[in-house]
Engineer: 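Take a look at this one; I'll ask things after.
Each chain gets a letter, A, B and so on, in the order the sequences are listed, and its residues count up from 1. Quick caveat: nothing in here was measured; it's all calculated off a predicted structure.
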Protein chains: 2
Amino acid sequence: MDDKVDIANDENVMPHVCRACEARHGGICSVLSGSQLAALSKHSTRKTINAGTEVVGQGESVGSYSNILRGVVKLSKMMADGRQQIVGLQFAPDFLGRPFSPESSLTAEAATGTEICAFPRAVIERMIADTPGLEHRLYDQSLKELDEARDWMLTLGRKTAREKVASFLYMIATHIDPLADDGSAFDLPLSRADIADFLGLTIETVSRQMTKLRNDKIIHVENNRHVTVPDIERLNEAAGND
Amino acid sequence: MDDKVDIANDENVMPHVCRACEARHGGICSVLSGSQLAALSKHSTRKTINAGTEVVGQGESVGSYSNILRGVVKLSKMMADGRQQIVGLQFAPDFLGRPFSPESSLTAEAATGTEICAFPRAVIERMIADTPGLEHRLYDQSLKELDEARDWMLTLGRKTAREKVASFLYMIATHIDPLADDGSAFDLPLSRADIADFLGLTIETVSRQMTKLRNDKIIHVENNRHVTVPDIERLNEAAGND
DNA sequence: CGCCTGCTTGATGGACTTCAACATGTGTGG
DNA sequence: CCACACATGTTGAAGTCCATCAAGCAGGCG
């Protein structure tokens, strides 16, 4: 009844759906006890989201938070006249949502086919209040996102189009395939239009810089989406990071 | 001896230096008990920092965290060839430092004459571990900074030079003088060079856009630093926020 | 096949940078 | 007190990078 649960016993309480879940390793669920997982899973729903579908709209009130189980979610902001900027990409097993804010200041949209595990706002917020470890885990993610956002500000403000495109490719290469010290291949999770919105460029400029990087043998492209990087350090140089 | 301290008694323990301190209201110290303040103040040192002096350098290991008591601190990143981007501005009573990271990925420099209250890393980190309320307060600030960084990414990536300068002026006006619904006057905390580094522009472009905004009667400038805004809504429009 | 969507390539123009000169203010030393 | 250097900011002219406008290409699908 109280919270002094026997650990072994507690583990047995862990819901079936959570046992094989990716978010248990690295996601916020990794800091929850078996009984907490059980409580949470009662209110959670898994959803599959097609590429291009909006999860949360800019200015909408937010009813739920989620874990990303698979896929890539893009966070973007739009101006009244339609100009758009992608301000963040989130990968599994990131937590999706802005705690303590009743409405969203940005749009979250699936960039690829995506699977999420959604919980009602109130349940998560109560659990945050009760579980310092959970808040710590969320704080850690927000610090990571802040570091990434600031890195990206340097890219947006001071890099050339070529460096921007190279920076984007380098970021994707290291995120998708974290252990690729040398040689790396991946599918781009974003269309040219999305890449342009991420880099503050136009589609045409992105395309042109991609072909230039291809001509310079820094990348190799197949089917417009599949990229191989023979020497990741050369790409990093092209991105302006020395 | 233990932590069950009588509240009234606890308040009496509050150090003299903290009683009149701005950081007790709104700063992280606002969530600490009197005895915690006492423990912290034993290790704290007040410092006055002249404009232009570096507090922490990019890549340096960080020995201490601080509260900003007065002034404005700019956070910036620099590329190997000297290109620079300011990625954040911090005002009193913000907390200065990146918890859980042994070395800084950015440079912190006083933009104006600044006063800080510095604590050793270890003391703060131990106190964070013991005090959920403190971690929550820091989490809150990092969420606020993340929101600001993402707003700024839209500005850097998608706005014109005129809109960028107007956005900067609007941001300063609302930060310095939070209750100015209509009509507002302030001193710019940043030089033209700093503003350019903040906006991803050159000094000359900033200067030109300032004179255009002046000619359009959206702002009025005295002595290059003192700005008055007759109608804050017109400035907000010029910034592209409708 | 025809139409669509996503991507590439080319030609032109414009916004911002670069280079340069000039203005203003401030401190220093004769 | 003026002469001078130096830092900060403004203004002008020329050049460059990227956006815009426009056409064409390749793959998917009714």
Engineer: Is it true that A:Lys217 and A:Asp231 make a salt bridge, defined as a side-chain N closer than 4.0 Å to a carboxylate O?
Structural biologist: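 Answer for the salt bridge query: no.
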Engineer: Is A:Glu145 salt-bridged to A:Arg98, going by a charged N under 4.0 Å from an acidic O?
Structural biologist: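 Salt bridge: no.
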Engineer: Looking only at non-hydrogen atoms, find the nearest pair between A:Val165 and A:Val206 and report the distance.
Structural biologist: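 It is CG2-CA, 4.3 Å.
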Engineer: Are A:Phe198 and A:Leu156 packed together at the side-chain level, in the sense that at least one heavy-atom pair is separated by less than 4.5 angstrom?
Structural biologist: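 Of all side-chain heavy-atom pairs linking A:Leu156 with A:Phe198, none is under 4.5 Å.
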Engineer: Regarding B:Lys74 and B:Asp197, does a basic nitrogen lie under 4.0 Å from an acidic carboxylate oxygen?
Structural biologist: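 Salt bridge between B:Lys74 and B:Asp197, a charged N being under 4.0 Å from a carboxylate O: no.
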Engineer: Got a sec? Which of residues 70-90 of chain A come in under 4.0 Å of DNA chain D, heavy atoms?
Structural biologist: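 Residues of residues 70-90 of chain A that come under 4.0 Å of DNA chain D do not exist, since none gets that close.
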Engineer: Measure the distance from CD1 on A:Ile203 to P on C:dT8 and round it to the nearest whole Å.
Structural biologist: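 Distance, rounded to whole Å: 10 Å.
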Engineer: Roughly how many Å is it from CE in B:Met210 to P in D:dG9, rounded to a whole number?
Structural biologist: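 For the pair B:Met210 CE and D:dG9 P, the rounded distance is 9 Å.
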Engineer: Within this structure, what is the CZ-to-C1' distance between B:Arg225 and C:dT24, rounded to whole angstrom?
Structural biologist: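 Whole-Å distance recorded here is 15 Å.
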Engineer: Rounded to whole Å, please give me the gap between CG in A:Asn215 and P in C:dT8.
Structural biologist: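 Interatomic distance, CG of A:Asn215 to P of C:dT8: 12 Å.
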Engineer: Rounding to a whole Å, what distance do you find between B:Leu199:CG and C:dC16:C1'?
Structural biologist: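 Atom-to-atom, B:Leu199 to C:dC16, this comes out as 13 Å.
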Engineer: Measure the shortest side-chain to side-chain distance between A:Arg214 and A:Thr211 over non-hydrogen atoms and say whether it is less than 4.5 angstrom.
Structural biologist: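 The answer is yes, as the side chains (C-beta and beyond) meet within the 4.5 Å cut-off.
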Engineer: Hey, does the side chain of B:Asn224 come within less than 4.0 Å of C:dT24's phosphate (OP1/OP2), counting only N and O?
Structural biologist: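 For C:dT24, OP1/OP2 do not have a side-chain N/O of B:Asn224 under 4.0 Å.
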Engineer: C:dT9 P sits how many Å from A:Lys212 NZ, rounded?
Structural biologist: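 Atom-to-atom, A:Lys212 to C:dT9, this comes out as 11 Å.
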Engineer: Taking CG from A:Leu190 and P from C:dC7, how many angstroms apart are they, rounded to a whole number?
Structural biologist: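 Taking CG of A:Leu190 and P of C:dC7, I get 10 Å after rounding.
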Engineer: When every nucleotide of nucleotides 14-30 of chain D is labelled 5' to 3' by its protein contacts under 4.0 Å (heavy atoms), B for base, S for sugar-phosphate only, - for none, what sequence of letters results?
Structural biologist: ----SSBB---------
Engineer: Nearest 0.5 Å, what's the CD1-CG distance between A:Ile219 and A:Leu235?
Structural biologist: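 Rounded to the nearest 0.5 Å, the CD1-CG separation comes to 7.5 Å.
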Engineer: Can you name the nearest heavy-atom pair linking B:Ala173 to B:Ser184, along with the distance?
Structural biologist: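 Heavy atoms of B:Ala173 and B:Ser184 come nearest at CB-OG, 4.1 Å.
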Engineer: May I have the distance from A:His226 (atom NE2) to C:dC7 (atom P), rounded to whole angstrom?
Structural biologist: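 Computing the A:His226:NE2 to C:dC7:P distance gives 16 Å.
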Engineer: Any side-chain heavy-atom pair from B:Leu69 and B:Lys47 closer than 4.5 angstrom?
Structural biologist: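 Of all side-chain heavy-atom pairs linking B:Lys47 with B:Leu69, none is under 4.5 Å.
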